[in-house]
*Asks:* 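Below is a structure I'd like to ask you about.
Just so it is clear: chains get the letters A, B, ... in the order the sequence lines come, proteins before strands, and each one is counted from 1.
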There are 2 protein chains.
Amino acid sequence: MVNAGKPGAGRSGRPRAGEERLSRQAILEAALRIVDAEGLEAMTMRRLATTLGVNPMSLYHHLPNKAAVFAGLVELVFAGMGNSAAADDEVDWRTELTGAAHAYRNALRAHPNLALQVLADAAGVSEVVVVTVEPFYRALDRAGLTPRQIFEAVNTLIDFIHGFSLGEASVRSETFELAPDLLERVSKLQPGQAPTLAKIVGILGADGLHYEFDDGFETGLSLFADGIAARFGL
Amino acid sequence: MVNAGKPGAGRSGRPRAGEERLSRQAILEAALRIVDAEGLEAMTMRRLATTLGVNPMSLYHHLPNKAAVFAGLVELVFAGMGNSAAADDEVDWRTELTGAAHAYRNALRAHPNLALQVLADAAGVSEVVVVTVEPFYRALDRAGLTPRQIFEAVNTLIDFIHGFSLGEASVRSETFELAPDLLERVSKLQPGQAPTLAKIVGILGADGLHYEFDDGFETGLSLFADGIAARFGL
DNA sequence: ACCTGAACACCGTTCAAGT
DNA sequence: ACCTGAACACCGTTCAAGT
């Protein structure tokens with residue numbers, strides 16, 4: 001009735017061999033489509049089941065619970081970065097580092113509705129996540145840092161990318177005008193409450209204050225790379 | 001029966017003047033206690049009502065919905081940073097910037113269970129949030145950057161703090177050993193899948209790989225400050 | 001104005017039963 | 001082994017009714 005064409009509708013019990021309607025993979029793909037189209041909150045087990053033309057309880061034979069579904073989605077996102085950029089020795093450490101950062105950001109950007117979940121779970125999940133940092137390690141190893149320095153610098157850079165991506169994901173569109181909002185908010189403050197902010201925003205507002213995520217990311221990256229170069233004399 | 005001592009239990013209708021049991025403030029304080037003690041998921045409207053000894057629907061006379069409760073909590077957190085550090089002209093830009101960063105991080109750390117919500121909502125909320133960046137602006141204004149440079153540098157630094165705090169919040173304890181987990185994960189990789197990572201982690205693991213959030217934050221901050229100093233010749 | 005009870009339309013998950 | 005139906009213990013929120 002809801003979906004007249006769904007396979008096996010109205011029959012129950014074990015499907016014949018080769019006729020399974022469900023698999024972990026198929027479930028995760030359907031879940032990702034829901035999240036991309038309608039957001040995290042829309043992804044409920046019951047909703048997921050109906051889009052698959054299946055009883056809600058069937059899902060539990062392939063994934064233990066809802067948290068496992070989200071964990072699986074996070075893995076999908078990380079799997080989508082990795083090995084894209086094979087080792088490239090033709091290029092200096094800074095270029096390689098910048099490339100790794102872009103790849104990482106782009107993977108997070110591919111599914112903005114999932115980003116919050118990814119960032120919250122990043123620590124938690126599987127081997128897939130760990131491979132993803134290889135290019136960062138390689139670039140800084142080539143630059144000649146010590147293991148400890150590499151470890152700390154990579155952590156810092158990835159923290160920046162996470163924070164940046166969080167901000168980017170929380171705004172749907174690619175570009176947005178900060179000006180009206182920020183100007184408005186600042187002008188509502190009691191005078192003297194944030195004088196420097198008021199002054200700076202006033203000056204920027206005159207030129208038309210706006211923010212491009214691409215530029216912001218580039219600025220952050222190169223500030224970070226300048227820090228590395230300065231501190232380690234590169 | 002559930003709470004024999006709750007005020008006004010069993011009576012309904014409008015309370016007499018001066019006898020109101022509820023207020024936005026009281027509701028938010030109770031909500032924060034629940035979040036701190038049991039996490040975001042435990043904070044449901046029905047749960048909140050019972051801890052206040054009140055019908056769930058009473059809450060809706062003070063806050064329009066659950067999202068507004070969380071938005072109110074986010075405001076509380078930001079209100080907890082601000083004006084702690086009054087302008088201090090005795091000190092150089094770098095010290096002032098570092099101080100602002102610590103204050104910001106500490107406010108986020110005060111309610112780890114709320115951090116994810118705060119970071120997800122940070123863009124969305126009220127004037128309270130905007131005041132919070134004043135010390136950052138002041139420090140870099142004093143350093144002599146242009147308005148545009150200040151704007152971009154502050155964005156970058158705050159992105160780092162957000163990403164860092166996300167990682168910190170997602171791990172409950174103050175310190176944790178990365179070694180067993182990270183070493184284990186890396187050793188499970190297929191050989192050659194992440195050679196540099198494997199090498200670095202191997203070396204660090206020998207010394208006992210561990211991570212202190214306080215040190216990590218300091219490292220990130222000073223890398224960032226080095227970048228500012230190098231780029232702008234300070 | 002402020003609080004309440006009953007109701008609606010949802011959830012995730014367990015359990016026993018089908019094939 | 002895999003799928004199902006009914007049931008349990010929850011949700012957020014609307015609406016009409018109390019004082």
*Asks:* Go ahead and name the base partner of D:dC15; Watson-Crick or wobble counts if both distances stay under 3.5 Å, otherwise write none.
*Replies:*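 Paired with D:dC15, as far as the under-3.5 Å criterion goes, is C:dG5.
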
*Asks:* Write down the distance between NE2 (B:H61) and C1' (D:dT19), rounded to a whole number of angstrom.
*Replies:*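 Rounding to the nearest Å, NE2 of B:H61 and C1' of D:dT19 are 12 Å apart.
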
*Asks:* Looking at B:F217, I'd like to know if the NZ or CZ of B:R105 sits under 6.0 Å from its six-membered ring centre while staying within 45 degrees of the ring's axis.
*Replies:*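 Geometry flag: set, cation within 6.0 Å and 45°.
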
*Asks:* Compare the minimum distances between each of D:dG12, C:dA6, C:dT13 and the side chain of A:M57, then state the nucleotide with the smallest one.
*Replies:*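 Per side-chain heavy atoms of A:M57, the pick is C:dT13.
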
*Asks:* Atom OH of A:Y60 and atom C1' of D:dA6: how far apart are they, to the nearest Å?
*Replies:*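 Rounded to whole Å, this separation is 15 Å.
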
*Asks:* Taking the six-membered ring for Trp, are B:F164 and B:F213 closer than 6.0 Å centroid to centroid?
*Replies:*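 Ring-ring flag for B:F164/B:F213: true, centres closer than 6.0 Å.
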
*Asks:* Rounded off to whole Å, could you give me the CG-to-C1' distance for the A:L48 and C:dT13 pair?
*Replies:*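 Value for this atom pair: 15 Å.
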
*Asks:* Nearest heavy atom decides the nucleotide; on that basis, is A:A67 or B:R46 closer to the 5' end of DNA chain C?
*Replies:*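 Taking each residue's closest nucleotide, the earlier one in sequence belongs to B:R46.
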
*Asks:* Do A:H62 and A:Q25 get their side chains close enough for a donor-acceptor pair, meaning under 3.5 Å?
*Replies:*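 A:Q25 and A:H62 do not have a side-chain donor-acceptor pair below 3.5 Å.
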
*Asks:* Classify the nucleic acid contact of A:M45 as base, sugar-phosphate or nothing, counting any heavy atom under 4.0 Å across all strands shown.
*Replies:*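 Sugar-phosphate: the residue A:M45, judged by heavy atoms under 4.0 Å, touches backbone atoms but no base.
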
*Asks:* For the pair made of CZ in B:R47 and P in D:dA9, what is the distance, rounded to whole Å?
*Replies:*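 Nearest whole value for this atom pair: 18 Å.
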
*Asks:* Drop me the distance from A:T196's OG1 to B:I150's CD1, to the nearest 0.5 angstrom.
*Replies:*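 The distance works out to 8.5 Å.
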
*Asks:* Check this one for me: any side-chain N or O of B:S58 less than 4.0 Å away from OP1 or OP2 of C:dT4?
*Replies:*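 Yes.
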
*Asks:* Between atom CG in A:L63 and atom P in C:dT13, what is the gap in whole Å?
*Replies:*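 Taking CG of A:L63 and P of C:dT13, I get 11 Å after rounding.
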
*Asks:* Does a donor on one side chain sit under 3.5 Å from an acceptor on the other, for B:H111 and B:Q117?
*Replies:*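 Side-chain D/A pair, B:H111 to B:Q117: absent.
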
*Asks:* For the side chain of B:K66, starting at C-beta, report the closest nucleotide among C:dT13, D:dC3, D:dG12.
*Replies:*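 Nearest nucleotide to the side chain: D:dG12.
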
*Asks:* At under 4.0 Å, does any side-chain N or O of B:H62 touch on OP1 or OP2 of C:dC3?
*Replies:*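 Answer is yes, contact under 4.0 Å.
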
*Asks:* What's the CG-P distance between B:L59 and D:dT13, to the nearest Å?
*Replies:*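 Atom CG in B:L59 sits about 11 Å away from atom P in D:dT13.
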
*Asks:* Of the listed nucleotides (C:dC3, D:dG12, D:dC3), which one gets closest to any side-chain atom of A:L22?
*Replies:*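 Nucleotide nearest to A:L22's side chain: D:dC3.
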
*Asks:* Which nucleotide, D:dT13, C:dT4, C:dC11, lies nearest any side-chain atom of B:N55?
*Replies:*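 Of the candidates, C:dT4 comes closest.
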
*Asks:* Output the rounded distance in Å from CD (B:E41) to C1' (C:dG12).
*Replies:*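 It is 14 Å, rounded to the nearest whole Å.
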
*Asks:* Using purine N1 to pyrimidine N3 plus N6-O4 or O6-N4 for Watson-Crick, or N1-O2 and O6-N3 for G-U wobble, each under 3.5 Å, what pairs with C:dC10?
*Replies:*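 Partner of C:dC10: none.
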
*Asks:* D:dC11 P sits how many Å from B:F70 CZ, rounded?
*Replies:*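 Result: 13 Å.
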
